[in-house]
J.: 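First, the structure itself, so that you have it in front of you.
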Amino acid sequence: MPELARAIPRSWTSTLKLPKSSFPPRVSPIDRTKYLKRCTDDLYAWQRRERPADQPFVLHDGPPYANGDLHVGHALNKILKDIICRVQLGRGKRVRYVPGWDCHGLPIELKALQGLHPEDIASGSVSAADIRTSARKLARQAVKEQMKGFRGFAVMADWENHWKTMDKQFEMRQLGIFREMVDRGLIYRKFKPVYWSPSTGTALAEAELEYKEDHISTAALVKFPLIDIPTCLSENPLLRGKNLNAVIWTTAPWTLPANAAITISESLEYAIVLSEKHGHLLIAQSRLEYIQNMLKEELSVIVPSIMGSELAERTTYRPLFKGPEAQPQPIFAADFVTADSGSGLVHSAPGHGMEDYEACLARGIPVFAPVNDEGKYTDKAMPLDPTRLTGKSVLGEGNTAVLEWVESCGQLLAQHKYEHKYPYDWRSKLPVIIRATEQWFADVADIRGDALRALEDVRFVPETGKQRLEAFVKNRSEWCISRQRAWGVPIPAIYHRTTGEAVLTKDSISHIMTTIEERGIDAWWTDAADEAAWIPPSLRDEAGAGYRRGMDTMDVWFDSGTSWAEIDVPIEGRSHPADVYLEGTDQHRGWFQSSLLTYISHQLGSGQFTTPRAPYKNLITHGFTLDEHGRKMSKSIGNVIHPQTIMDGTLLPPLKPRKGKGKKQPENQEPMYDALGPDALRMWAASSDYTRDVVIGKRVLQTVNTSLHKFRVTFKLLLGALADFSPANVVPYEQLQLVDRIALKHLSDMVLTSQKTSDNFEFYKGVSTMNRWANLEFSAFYMEAIKDRLYTLGEDSTSRRAAQTTLFYIYNYLQEALAPITPVLVEETWEHTPESIRTESEHPLQRIVSAPAPEWQDLTLDTSYQELTVVHSAIKNLQEQARSKKQLGSSLQSFVHIVLPSSSGLFQQYLSELPDLFVVSSITLSSHDEAIPTDIKDAEWQYEETFELGDQPGKVYVYAPQASKCPRCWRYAIPDPVAIEDAICNRCETVIHEANA
């Protein structure tokens, strides 16, 4: 009420209890730094000392990749984690949150290579050790920079003991888990098709793929000459002496050199058709129209129907790339063949197809893949003429060369461009191929059932996450865990120099782990190739044997997937190592899955649980961050928003001009902004429904900043009103006024909702509730109703102390509600809290939150509030009519008369409190059968409006005051005519008299 102080005589100013607080309108950068440390590092250290060790809450960090700058997606992730930890801190738990980083893998390795001399790379003089040294340095620097950014988000964590997947202790734990899986027979080596990235030269897991929906391939219809055919065809007079050809359709012609079989469906009907240009063709009966369209000719049906079951195992054909002396290849049935596309016959290359591999393996057909690590053909692709294909990229000129050869042989029927979904390397953003190589696999099929059972007692937020994760686990039978890279944890296998046979046993791994402890993990690459220290003693004496170390590294998902072993909280009494895992929804196929599979393998092997458990009790996923137009953020689009710009305020103009009302900023001066610090970023994260993709932009952030400013203004108001209050002044609940009890009911509702939504991880619902409460129930309703009591009544009057008691409760609970979301602001409020309150209160960030007093949940107060709101709304409508005609300024410049419905007793009971509640100078009441006061008719102006309470009518009159304005309290409460100049009303006289007594 500062305008009141300026408008009244100086003699009355000193008698008012106007709010006084040291709480500034905005925090300085120096102070923010101080508060930031207190509410993060200092608070984490305090709770680790003071909170009971037998009540831990563990949030396990899904490690961000130690490469690149932080973006708003990082901020959303880390802030959500921190809010969850702070909520649990408020529940009395000892929080364990140790941040981690994923440091191995291809992006860092490629960046390391970029930092080395190009001539050294070209000459091949760059060793794996060189790459590892450079990569380690890059990862270490990235961790340092990212940690600084995360700490700037006001994230409370054990930063000093952070972990990295490249830490020796982490790597040794990871190798120990790998050894357990080997001992259980879950790790094996196979020559089989895997996703292979020619652009990065390594095998990939499904989790490392992105699918491009509009990939363009060259599809082709190719015919293969049949050699052996069933009797029903060979004895058909229409086919006697005719050359028959099986027609296949493929979107990967580059795999034709590796063709080993043609598969068909037993249940499909096939036909022999005649093409004038291409001769007699075997196709699926149902694909006739498609083939005719592709060949652009009408085909004659010679044999209308022959079942696939009659063709399977009785038909062979001549391959195209192995020469005339090649052995015939079989046509057999496979479940995956359908008539949905192509010709109904499928070209099978077991070295380049997952389903082809399984089908051919069952028939003893060997795997053949004449493609090297760079995705180029080897000499074995076309033995008759190696120069035709050797060295050519299968996804480029090699594919073209294959089609040219097939066409030159007269076996190409047609080719066309085909748009379809295709896998890409998620790092290089280039297409991958399927290629058979020697790789190490983890047997997922053996533990899949236990993994799915373990998910039954996991809470998923959102619930759809369960079906998503289950689908990934169900569709996975094995996990390719080997990578052909230098920067990673080695697969601790040794290989016989002559036979190439691999040795990977529990004992051999234990020996290698001991050697790593002694020499360091880099020695695996830097030691001489014939260094015997790595070979188990039992193999060193084998006559003429000799072994070499393997150079494959582990999939980085195996690295991070074993990070649960980093948790040092004793498992006794806990069903899961971690209470919460929280990451983006893409981690269902990545970290969530790899963590589940490795943990299931570990615990079942150790016999730790009779029932399999997941490493997480709650699995929470958030969406991606999008701009206001729903687009992904991209530097090329120019829609990237950096977290720092949100915190330092450079993204938005200030809510109020810094220069004062009406003053313009000079044109040549840089604009000034309100820097709201990490709380602005955190309020955005907490306000967002993170279970979906999260939108961020100027309009969104303006709303967030407005909300944050509102809470700051609210705290300033509360601190000012409580400047002379002490907890010893608390007024018993039964002595509070009606409006105070209504305010506590509103506060109770807000607090209970906030606590419930926090327990359900629905922070955005809690923030929405708090915003609504702050704007409507607290600011527009309660504060307006109590200003007169706070400022004009005697300091120790029961009425004023009752209002302060209510504000004291509001202050405490608002601090607790906002503590997880805006800890810097809450820390700042504590700095400015009156000493009389600080000495009797616990720090809001260290408080164990409690439910509001049960007596505050008086449901009859909701009814009272609704009735008061109906009447108050009518009063405000009438006041606005008077304002529009310049008859009214302040709402105190009005008298009110209410004609009540017969059923309402609320207004009579609290008549003396109504002027404060409605912020008017006088309230009078009457019933329908009573005459209205005559001064209403005599008033200078008057307005009336009807309302309803419980379906019964009432009426409100708002009219010009029949009294003069008190210069102290501004109420129109001095009877006319004024007897004494500058006289004050009787109530103010009493207050002044009591103050001077």
J.: What residues form a side chain to side chain contact (heavy atoms under 4.5 Å, CB included) with Thr863, not counting sequence neighbours?
T.: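 Partners of Thr863 by the side chain to side chain contact (heavy atoms under 4.5 Å, CB included) criterion, ordered by chain and then number, come out as Glu867.
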J.: Verify whether one side chain among Arg968 and Thr15 offers a donor that lies under 3.5 Å from an acceptor in the other.
T.: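 Yes, because at least one side-chain N or O of Arg968 sits under 3.5 Å from a partner of the opposite role on Thr15.
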J.: How long is the straight-line distance from OG1 of Thr924 back to CD of Glu930, given to the nearest 0.5 Å?
T.: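 Atom-to-atom, Glu930:CD and Thr924:OG1 are 10.5 Å apart.
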J.: Charged N to carboxylate O below 4.0 Å: is that the case for Lys34 and Asp31?
T.: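 Salt bridge: yes.
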J.: For the pair Asp749 and Lys745, find out whether any cationic side-chain nitrogen is under 4.0 Å from an anionic carboxylate oxygen.
T.: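 Result for this pair is yes, salt bridge flagged.
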J.: Treating Asn996 as the side-chain partner and Ile992 as the backbone partner, does any N or O pair qualify as donor plus acceptor under 3.5 Å?
T.: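 Judged by distance alone, yes, a pair lies under 3.5 Å.
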J.: Is any side-chain heavy atom of Leu818 closer than 4.5 Å to a side-chain heavy atom of Phe715?
T.: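 Touching, per the 4.5 Å side-chain cut-off.
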J.: Please determine if Arg847 and Glu816 form a salt bridge, counting it only when a charged side-chain N lies under 4.0 Å from a carboxylate O.
T.: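 A salt bridge is present here (some side-chain N lies under 4.0 Å from a carboxylate O).
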J.: From Asn729 CG over to Phe808 CZ, what is the distance, rounded to the nearest 0.5 angstrom?
T.: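 If I round to the nearest 0.5 Å, the distance is 10.0 Å.
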J.: Mind listing the closest non-hydrogen atom pair of Met783 and Leu790 along with its distance?
T.: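 Looking at all heavy atoms of both residues, the closest pair is CE-CD1, 4.2 Å.
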J.: Backbone N or O of Val704 within a donor-acceptor pair of the His709 side chain at under 3.5 Å?
T.: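 No; zero donor-acceptor contacts below 3.5 Å.
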J.: Closer than 3.5 angstrom, by distance alone: can the side chain of Glu913 be matched with the main-chain N or O of Leu738 as a donor-acceptor pair?
T.: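 Between the backbone of Leu738 and the side chain of Glu913 there is a qualifying donor-acceptor contact (under 3.5 Å).
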J.: Quick one: CG on Leu717 to OG on Ser779, what's the gap to the nearest 0.5 Å?
T.: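 So the gap between those two atoms works out to 7.5 Å.
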J.: Between the main-chain N or O of Gln702 and the side-chain N or O of Thr706, is there a donor-acceptor pair closer than 3.5 Å?
T.: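 Yes, the answer is positive, given that a donor and an acceptor are paired below the 3.5 Å cut-off.
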J.: Can you see whether Ser926 engages His897 through a side-chain donor-acceptor pair at a distance of less than 3.5 angstrom?
T.: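 Note: Ser926 and His897 side chains meet the donor-acceptor criterion.
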J.: Is there a donor-acceptor contact under 3.5 Å from the side chain of Lys20 to the main chain of Gly720?
T.: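 Between the backbone of Gly720 and the side chain of Lys20 there is no qualifying donor-acceptor contact (under 3.5 Å).
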J.: List for me each residue that meets side chain to side chain contact (heavy atoms under 4.5 Å, CB included) alongside Gln893, sequence neighbours excluded, and say none if there are none.
T.: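 With neighbours one apart ignored, the set is Leu888, Pro961, Tyr972.
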J.: I'd like to know if the side chain of Gln815 pairs up with that of Thr829 as donor and acceptor (distance under 3.5 Å, no hydrogens or angles considered).
T.: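 Yes.
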J.: With rounding to the nearest 0.5 Å, note down the distance linking CG in Asp679 to CD1 in Ile646.
T.: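 CD1 of Ile646 is found 13.0 Å from CG of Asp679.
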J.: Rounded to the nearest 0.5 Å, what's the gap from OG on Ser799 to CG on Asp916? Could you check?
T.: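 Between atom OG of Ser799 and atom CG of Asp916 there are 6.5 Å.
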J.: Tell me, with the steps shown, if Glu945 and Tyr957 meet side chain to side chain contact (heavy atoms under 4.5 Å, CB included).
T.: CA-CA 7 Å; Glu945 182 175 313; Tyr957 296 87; over 6 Å; no
J.: Around Glu835, counting heavy atoms of other residues, nucleotides and ligands shown, do more than 12 lie under 6.0 Å from its CD?
T.: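 Yes, the 6.0 Å shell around CD holds more than 12 heavy atoms from other groups.
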J.: Would you indicate whether the side-chain heavy atoms of Phe781 and Thr869 approach each other to under 4.5 Å?
T.: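 With C-beta onward as the side chain, the pair stays apart.
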J.: Side-chain contact test, heavy atoms from C-beta onward, threshold under 4.5 Å: evaluate it for Pro24 versus His832 and give yes or no.
T.: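 In contact.
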J.: Verify, without hydrogens or angle tests, whether Ser884 (side chain) and Gln881 (backbone) share a donor-acceptor contact under 3.5 angstrom.
T.: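 Yes, because the side chain of Ser884 sits within donor-acceptor range (under 3.5 Å) of the backbone of Gln881.
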J.: Please assess Arg741 against Asp858 for the test salt bridge (charged side-chain N to carboxylate O under 4.0 Å, His left out), listing each intermediate value before the final yes or no.
T.: CA-CA 9 Å; Arg741 296 197 299 274; Asp858 182 353; 5.8 Å; no
J.: Exactly one of Tyr865, Tyr809, Tyr813, Trp856 should register a ring-ring contact (aromatic ring centres under 6.0 Å, His included) with His746. Which one does?
T.: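 With His746 as partner, Tyr865, Tyr809, Tyr813, Trp856 yield a single ring-ring contact (aromatic ring centres under 6.0 Å, His included), made by Tyr865.
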J.: Without hydrogens or angle criteria, can the side chains of Asp740 and Tyr782 be said to hold a donor-acceptor pair below 3.5 Å?
T.: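 Per modelled atom types, Asp740 and Tyr782 side chains form a pair under 3.5 Å.
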J.: May I ask you to decide whether Arg800 forms a salt bridge with Glu795, counting only side-chain N to carboxylate O separations under 4.0 Å?
T.: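 Result for this pair is no, no salt bridge flagged.
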J.: Which residues pass the side chain to side chain contact (heavy atoms under 4.5 Å, CB included) test with Thr40, not counting sequence neighbours?
T.: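 Thr40 satisfies side chain to side chain contact (heavy atoms under 4.5 Å, CB included) with Leu36, Arg86, Ala154 only.
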J.: Is it true that a side-chain atom of Ser891 and a backbone atom of Val919 form a donor plus acceptor pair closer than 3.5 Å?
T.: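 Checked: pair present.
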J.: Should the ring pair His843 and Trp830 be called parallel, tilted or perpendicular, given that the plane angle runs from 0 to 90° and is split at 30 and 60?
T.: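 Tilted.
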J.: Checking salt bridge (charged side-chain N to carboxylate O under 4.0 Å, His left out) between Glu828 and each of Arg32, Arg712, Arg38, which is the one that passes?
T.: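 Considering Arg32, Arg712, Arg38, a salt bridge (charged side-chain N to carboxylate O under 4.0 Å, His left out) with Glu828 is found only for Arg712.
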J.: If I compare all heavy atoms of Met156 with all of Cys85, which pair ends up nearest, and what's the gap?
T.: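 Looks like CE-CB, 4.4 Å.
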J.: I want to check a possible cation-pi pair here: Lys965 against Trp970, using under 6.0 Å from ring centre and within 45° of the ring axis as the test.
T.: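 Verdict for Trp970: a cation-pi partner in Lys965.
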J.: Would the distance check show the side chain of Ser758 and the main-chain N or O of Ser754 forming a donor-acceptor pair, the cut-off being under 3.5 Å?
T.: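 Yes, the answer is positive, given that a donor and an acceptor are paired below the 3.5 Å cut-off.
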J.: Just how far is it from atom CG of Asp788 to atom OG1 of Thr792, taken to the nearest 0.5 Å?
T.: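 So the CG of Asp788 and the OG1 of Thr792 are separated by 3.5 Å.
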J.: Indicate yes or no for a side-chain donor-acceptor contact from Ser687 to the backbone of Met683 under 3.5 Å, with no hydrogens or angles considered.
T.: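 Indeed, once roles are kept as given, a pair shorter than 3.5 Å links the two residues.
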